[in-house]
There are 2 protein chains.
Amino acid sequence: MKVTINDVARLAGVSMKTVSRVINKEPSVRKKTYDTVMNAVKELNYQPNLAARNLAGTSSFTVGLVYDNPNAYYVIDMQNGVLSRCKDEGYELVIHPCSYTDPNMEADLITMIKRSRLAGLVLTPPLSEQSSITNLLDELNIHYVRVLAGRPSDDDQGSCIYVNDYKAAYEITTHLLTHGHENIGFICGDKEHKSTSERLEGYKAALADHHKEFDKRFIYDGKYSFESGVEGAKNLLADNNTLAITAILGGNDEMAAGALFASRLMGIAIPEQLSITGFEDSPFSRQTWPKLTTAHQANDVISQHAARLLFTKTRGARNQDKDIITSFTPSIVIRESSGPKQ
Amino acid sequence: MKVTINDVARLAGVSMKTVSRVINKEPSVRKKTYDTVMNAVKELNYQPNLAARNLAGTSSFTVGLVYDNPNAYYVIDMQNGVLSRCKDEGYELVIHPCSYTDPNMEADLITMIKRSRLAGLVLTPPLSEQSSITNLLDELNIHYVRVLAGRPSDDDQGSCIYVNDYKAAYEITTHLLTHGHENIGFICGDKEHKSTSERLEGYKAALADHHKEFDKRFIYDGKYSFESGVEGAKNLLADNNTLAITAILGGNDEMAAGALFASRLMGIAIPEQLSITGFEDSPFSRQTWPKLTTAHQANDVISQHAARLLFTKTRGARNQDKDIITSFTPSIVIRESSGPKQ
DNA sequence: TAGCTTATTGACAGCGTTGTCATTCTAACT
DNA sequence: AGTTAGAATGACAACGCTGTCAATAAGCTA
């Protein structure tokens with residue numbers, strides 16, 4: 001019923017240590033021995049016991065995914081990406097949702113790390129931006145990889161995956177500018193998120209390159225929520241649109257959907273009277289009416305790379321994948337919610 | 001740095017076995033001893049090592065969550081619910097997304113179970129409905145709890161959590177009927193899902209109780225996807241609405257949102273010309289315009305109960321929580337997408 | 001072919017817990 | 001006080017694997 005490394009060793013006619021070497025892909029195992037062992041593994045359908053490996057080995061086969069993100073689509077994507085790599089490499093994933101406003105957050109994190117002696121962690125925004133967490137992990141000597149909004153080469157120590165929101169926002173703003181829009185509103189996300197400032201900077205840069213002055217009356221501080229998108233649009237378009245706004249850039253799809261909702265309430269036609277764009281390309285950017293122009297962020301791919309990067313860190317020098325992409329730029333997807341200024 | 005059971009034992013002046021008894025809440029430990037040990041645990045901030053417990057013990061401290069569901073909101077809710085119970089009980093959660101169309105699904109499942117020697121599994125729909133899976137688990141002697149669409153007392157062996165979609169659909173249909181709607185369309189979900197037939201039965205029962213004949217021309221077979229909701233509405237309202245439909249019941253929120261989208265394209269005013277209702281109360285039922293009338297399903301609560309039920313099964317007779325609710329009926333939430341017939 | 005170096009393999013301890021079973025207490029009886 | 005049942009505790013092996021280090025086999029040089 002339960003197959004152990006000893007059963008495999010017996011069948012293959014080698015010591016259990018040799019079997020261990022084979023399943024860990026250690027060097028200096030003769031090809032022929034390797035094959036014999038692998039055949040035995042397959043014949044018995046052997047699966048190494050994770051608990052035993054974690055207990056005996058110096059490095060564990062468990063990684064953690066830490067997130068504080070209300071966006072279910074985002075979390076699922078990240079999770080699936082990391083998970084798919086874990087499956088390939090025989091790792092196990094422990095997920096750890098948390099809230100950075102929770103005073104117990106760090107204690108909880110430590111508890112988890114201790115309980116499952118983790119090989120490493122993948123940190124997603126906005127937690128990946130908090131130095132209190134990275135400091136803590138450095139102190140505990142835990143490997144981690146951060147997924148971050150930002151432009152590469154900041155203070156990277158080779159453990160970051162960057163999502164270039166700056167560039168994406170630049171492009172989406174440019175898209176609107178080249179369609180004749182002059183007065184473009186921007187609904188920002190949480191001030192605390194790096195992505196917010198990166199996206200705003202991209203917007204500003206595009207304006208500058210088109211010789212338009214930045215005007216903070218066009219900016220609304222939202223919260224990355226649908227509701228704040230509603231508020232944002234109402235605010236920007238207040239008093240019968242005194243600002244003469246013809247396009248609104250949502251800091252994410254939810255806020256853009258909120259802006260759409262608000263426009264609908266105000267009887268504004270999209271995209272005829274107002275262009276609206278989102279950010280992230282989450283599923284519901286395709287489920288609004290009209291569908292949202294947005295910037296596609298390949299979260300599943302990003303998280304896969306994050307996991308790979310973590311694995312190479314964990315395993316030290318050997319197995320250095322050098323083809324891990326560590327910088328991603330969301331690509332804009334043009335749908336029906338944006339169009340030329342009329 | 002790393003605190004083990006021995007450190008606690010030494011500090012408390014007892015054997016490590018006694019510490020083990022304390023942290024496992026075993027009987028026959030003197031109150032005084034218990035307190036001494038607990039103080040030592042707290043002082044050292046001791047966390048039992050999960051790998052060691054899983055390896056040494058007869059039952060493991062790891063449970064799995066298996067799902068095949070494209071709905072991110074649903075998955076996250078289930079996950080969070082199970083996770084919150086796990087945290088309380090010191091268990092670890094391993095998630096296992098899979099696809100029932102994948103020929104390797106069962107092999108993958110077995111691999112996971114072997115790798116992490118699971119204490120038990122929580123199965124969510126539609127996988128919870130597949131006898132191939134439950135048979136497999138029975139064979140492997142793995143505990144499991146199923147979350148199911150259905151009415152209690154079917155073939156329950158005390159390991160099911162029921163979601164009474166029948167009743168909820170009955171109520172939502174009644175809501176429409178009492179508002180004067182006579183011709184009510186129904187966009188079904190996947191045929192393979194139990195929830196689809198349960199919801200349809202509820203719809204039929206409500207019609208019957210209002211002395212209305214069931215007419216299958218009012219039924220559209222969808223796929224629980226936004227797109228199929230669009231198609232469903234187009235179909236039901238075809239030829240300038242020859243069926244004179246004034247209300248459409250979406251099998252879930254996504255399809256209802258799709259129907260809303262399609263209505264918009266056809267220039268139909270919601271809810272003035274057509275009432276639309278959803279099912280599940282997922283976040284985007286609040287992000288459509290107008291917001292969807294729907295049936296609220298407390299997935300986080302449901303999954304918490306599923307986890308609790310699993311724990312009591314795992315731990316055998318002791319710790320029998322008798323207050324675990326095993327049947328839930330979604331409650332209808334009336335919003336702006338439905339109204340009286342005009 | 002002997003002699004040496006290096007590649008390959010194996011024996012055994014130990015990872016941090018729990019299960020088993022033996023031992024020592026405690027308290028309630030004669 | 002002397003028994004004794006039963007409660008409370010402890011000693012030690014075992015869980016399935018990996019790390020260390022020693023042993024053997026293979027390959028190379030002269």
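Proteins get letters first, then strands, A, B, ... in listed order; numbering begins at 1 in each. Not measured: the values here are computed from a predicted model.
- In this structure, A:P48 and B:S28 both approach DNA chain D, and ranking their closest nucleotides by distance from the 5' end singles out B:S28.
- We find that NZ of A:K31 is positioned 17 Å from C1' of C:dA7, with the value rounded to whole Å.
- If you find the closest nucleotide of DNA chain C to B:S20 and to A:G57, the one lying nearer the 5' end belongs to A:G57.
- Between the CG atom of B:L55 and the P atom of C:dG14 there is a distance of 17 Å, rounded to whole Å.
- A donor and an acceptor atom sit less than 3.5 Å apart, one in the side chain of B:R21 and one in the base of D:dG10.
- A:D7 has its CG atom 9 Å from the P atom of D:dC17, to the nearest Å.
- At a threshold of 4.0 angstrom between heavy atoms, the contacts of A:K32 with the nucleic acid are absent.
- Between A:N49 atom CG and D:dC17 atom P there is a gap of 6 Å when expressed in whole angstrom units.
- Closest to the B:Y46 side chain, of the nucleotides C:dT18, C:dG16, C:dT17, is C:dT17.
- Among the candidates B:S128, B:P125, B:S195, the single residue satisfying the side-chain contact (heavy atoms from CB on, under 4.5 Å) test with B:L148 is B:S128.
- B:D138 and B:Y144 form a side-chain donor-acceptor contact under 3.5 Å, judged by distance and modelled atom types alone.
- Phosphate contact (OP1/OP2 of D:dT9, side-chain N/O of B:T33, threshold under 4.0 Å): present.
- Here A:H305 and A:F328 bring their ring centres to under 6.0 angstrom of each other.
- When the nucleotides C:dG19, D:dT9, D:dG16 are ranked by their closest atom to the side chain of A:K2, D:dG16 comes out on top.
- Judged by closest nucleotide on DNA chain D, B:S15 is the one of B:A52 and B:S15 placed further toward the 5' end.
- Mapping B:Q47 and A:V29 onto DNA chain C via the closest heavy atom, the residue that lands nearer the 5' end is A:V29.
- Closest contact between the side chain of A:M16 and the listed nucleotides C:dA13, C:dT17, C:dG16 involves C:dA13.
- Closest to the side chain of A:K17, from the set C:dG19, D:dG19, C:dT8, is D:dG19.
- At whole-Å resolution of the value, CG in A:N24 and P in C:dT9 are 15 Å apart.
- Using a 4.5 Å heavy-atom cutoff, the side chains of B:Y74 and B:Y67 are not in contact.
- In this structure, CZ of A:R53 is placed 20 Å from C1' of C:dT17, rounded to the nearest angstrom.
- B:R117 has its CZ atom 11 Å from the C1' atom of C:dT18, to the nearest Å.
- The nucleotide whose nearest atom lies closest to any side-chain atom of B:I23 is, among C:dT18, C:dC15, C:dT9, C:dT18.
- Looking only at side-chain heavy atoms (C-beta outward), B:L93 and B:L65 come within less than 4.5 Å of each other.
- At whole-Å resolution of the value, CZ in B:R30 and P in C:dA27 are 7 Å apart.
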